[in-house]
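Written out below as structure tokens is the structure these notes cover.
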Amino acid sequence: MRERVVITGIGLTSPNGDHGKDFRQALLEGRGGIQDYEIRYFGKTFAGICHYDPLKYQTRKELRRGTRAGSIGIYCAHEAVADAGIDWASVDTSRVGVYIGTTEHGNVETENEIYLISQHNYDTSVWTHHHNPRTVANNPAGEITLNMKISGPHYCLGAACAAGNAGLIQGLQMLQLGECDLALAGGVSESIHTFGIFAAFHNQGALAKSDDPLKASRPLDKHRNGIVVSEGGCIYTLERLSDAKARGARIYGEIVGYAINSDATDFVLPNPQRQAQCIELALQKAGIGPEEIDIVNLHATGTHSGDIQECVGLRKVFADCPKTHFNATKGYIGHAMGAAGALELAGNLPAFDDGFCHPAINIDELDEACALPNLVIGEPKKLERVRYILNNSFGMLGINSVVIVKAVEN
């Protein structure tokens, strides 16, 4: 029997909240966090920008040497440990693992250094010697270990926009394998600081346009026209249930099901059959049927084809599930890329306590191709029960991830 793994702490920063309670309240009140934004070369656009205090856990020197992704990770990791009520001074940090999902890393630093040398006649002697440690793929996780003096394993998981769930899944597996006793797991994103991501989505015809930044991200709406790029992070403390109970920890929920699979069909166009299979695999691991899921958080990026394809897969799995409700989060915060899955799950977990399914927002006219039974729009809905939450998170190159969390009585 594999040991059960539970969530005991959540640390996050998002465009509409830097603490779990604030984030949840914003979702229940329908408050988004998208802003006007301007970035070098590309110009004016929209973005989800985080407003956490980077000096809460780092010095100015550390911030100058490190990365935005690393800083977000450090903030979220400290907040997760504090939220879990862990006495960090008594922790054997050689038994702590750090598993961070990312969409991409290093583009920001590379663009900045190329811009810098362009101002000096492309003299590479002004290129920073910090470039290599800033851009290696393990950077955000590694910066966390340096800051928190963690000597256990660390690495990042490149899983496109499925990365937040992938970080959680890796943390769970490493706990079950006995490779660590505490996992800091989730996802981070610094994507808004690279002009290339805006230019690429724009040239793909997939970057949102609107007269109002708060209405720019509108997944499932008939008139949606693309993604709003956001930064953010969410890291969880994961523990074995036996360890959590031994120290009297508060438990947010138990991860009972998960799956990752691949479309193997297209670089960017999702495959609804493979997405449905991923959900079914997670349900099999959890040992439950789809009718037992109370809340499904959609990936729902706001692209025309992506939203439709996901809903096709969802209708296949949840065809006869009258008590299953659906919501979406990117209308509030945009697409936080590698952090998206972890953040969106965190926004739904409080439903175990308050019983509310937060709504999807900015759906003025639902696209009929995205219609789902019990899609919660505009206002929170009080449910009869919330025992299981399912979180969808999908990414480019056809990577799909699903996590199922069950309520646990403390």
Side-chain angles (χ1 to χ4, degrees), residues 42 45 47-48 69 100-108 110-111 135 137 140 156-170 186-208 217 219-220 224-234 258-279 297-314 328-330 333-345 391-403:
F42 185 76
T45 183
I100 306 299
T102 60
T103 305
E104 81 292 314
H105 182 67
N107 293 350
V108 172
T110 301
E111 287 181 1
T135 57
C156 292
L157 297 97
C161 300
N165 275 355
L168 269 177
I169 292 167
Q170 186 68 25
V188 301
S189 174
E190 61 181 358
S191 293
I192 68 167
H193 302 281
T194 165
F195 66 82
I197 195 168
F198 292 96
F201 277 126
H202 173 75
N203 293 343
Q204 184 186 346
L207 191 67
S217 181
L220 313 180
R224 68 192 180 281
N225 55 29
I227 287 170
V228 171
V229 182
S230 300
E231 66 175 351
C234 183
Y258 63 87
I260 297 177
N261 74 351
S262 303
D263 289 347
T265 50
D266 193 86
F267 270 62
V268 294
L269 182 65
N271 183 316
Q273 287 74 35
R274 297 287 188 271
Q275 291 181 350
Q277 288 169 3
C278 193
I279 295 170
N297 184 86
L298 280 68
H299 182 60
T301 63
T303 62
H304 179 75
S305 297
D307 288 2
I308 291 173
Q309 297 290 78
E310 181 179 7
C311 291
V312 169
L314 287 167
T329 309
K330 291 182 179 69
I333 63 173
H335 196 339
M337 306 295 166
L343 265 176
E344 292 167 18
L345 177 63
N391 191 52
N392 273 353
S393 201
F394 309 132
M396 288 185 178
L397 299 171
I399 184 168
N400 307 311
S401 69
V402 174
V403 168

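What's counted below: heavy atoms across the whole structure, side chains too, no hydrogens, waters or symmetry copies.
The backbone N or O of Ile227 lies less than 3.5 Å from no partner atom in the side chain of Thr301, so there is not a single donor-acceptor pair. For Asn391 (side chain) and Gly341 (main-chain N/O), a donor-acceptor pair under 3.5 Å exists by modelled atom type. The main-chain N or O of His299 is found under 3.5 Å from a side-chain atom of Glu310 such that the two form a donor-acceptor pair. Listed for the Asp266 side chain is no donor-acceptor partner under 3.5 Å among the backbone atoms of Asn271. In this structure a side-chain-to-backbone donor-acceptor pair under 3.5 Å is present from Ser230 to Ile333. Arg224 places a side-chain N or O within donor-acceptor distance of the main-chain N or O of Thr303, the cut-off being under 3.5 Å.
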Next on the checklist: Under the criterion side-chain contact (heavy atoms from CB on, under 4.5 Å), I'd like the reasoning laid out for His304 against Ile308: C-alpha separation, chi angles, the key distance, then a yes or no.
Outcome noted: CA-CA 7 Å; His304 179 75; Ile308 291 173; 3.7 Å; yes
Next on the checklist: If you apply the rule side-chain contact (heavy atoms from CB on, under 4.5 Å), what do you find for Leu269 with Gln309, and how did you get there?
Outcome noted: CA-CA 8 Å; Leu269 182 65; Gln309 297 290 78; 4.2 Å; yes
Item to check | Worked check of side-chain contact (heavy atoms from CB on, under 4.5 Å) between Tyr258 and Val402 | outcome: CA-CA 5 Å; Tyr258 63 87; Val402 174; over 6 Å; no
Item to check | Check against side-chain contact (heavy atoms from CB on, under 4.5 Å), Thr329 and Leu298 | outcome: CA-CA 8 Å; Thr329 309; Leu298 280 68; over 6 Å; no
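Closest of all the heavy-atom pairs between Gly233 and Leu343 is O-CD2, 3.6 Å. Taking each heavy atom of Gly313 and Ala276 in turn, the nearest pair found is O-CB, 3.8 Å. Minimum interatomic distance between Leu157 and Ala166 (heavy atoms only, all atoms of both residues): CD2-O, 4.1 Å. Heavy atoms only, all atoms of each residue included: Val188 and Pro140 are closest at CG2-CB, 3.9 Å. Of all heavy-atom pairs spanning Ala208 and Gly226, the tightest one is CB-O, 3.4 Å. Closest heavy-atom contact between Ala300 and Leu220: CB-CD2, 4.3 Å.
Put simply, the side chain of Thr45 does not reach to within 4.5 Å of the side chain of Val228, judged on heavy atoms. Side-chain contact check for Ile197 versus Asn107: every heavy-atom pair is 4.5 Å or farther apart. Between Asn297 and Asn392, every side-chain heavy-atom pair lies at or beyond the 4.5 Å cut-off. Between Phe201 and Val229, some side-chain heavy-atom pair lies under the 4.5 Å cut-off.
Scored by the side chain to side chain donor-acceptor pair (under 3.5 Å) test, Thr103 finds no partners at all (sequence neighbours excluded).
For the atom pair SG (Cys161) and NZ (Lys330), the distance works out to 7.5 Å, reported to the nearest 0.5 Å. Note: Cys278 SG to Asn261 CG = 4.0 Å, rounded to the nearest 0.5 Å. Note that NE2 of His335 is 14.5 Å distant from CD1 of Ile192, once rounded to the nearest 0.5 Å. To the nearest 0.5 Å, the span separating CG on Asn225 from CG on Leu207 amounts to 8.5 Å. Remark: Phe42 CZ to Phe195 CZ distance equals 11.0 Å, nearest 0.5 Å. Atom CE in Met337 sits 11.0 Å away from atom OG in Ser393 (nearest 0.5 Å).
Counting only residues at least two apart or on different chains, the side chain to side chain donor-acceptor pair (under 3.5 Å) pairs with a member in residues 190-200 are Glu104-Ser191, His105-Glu190, Glu111-Thr194, Ser189-Ser191, His193-Glu231.
Inspection of the Asn400 and Asp263 side chains reveals an N or O donor paired with an N or O acceptor under 3.5 Å.
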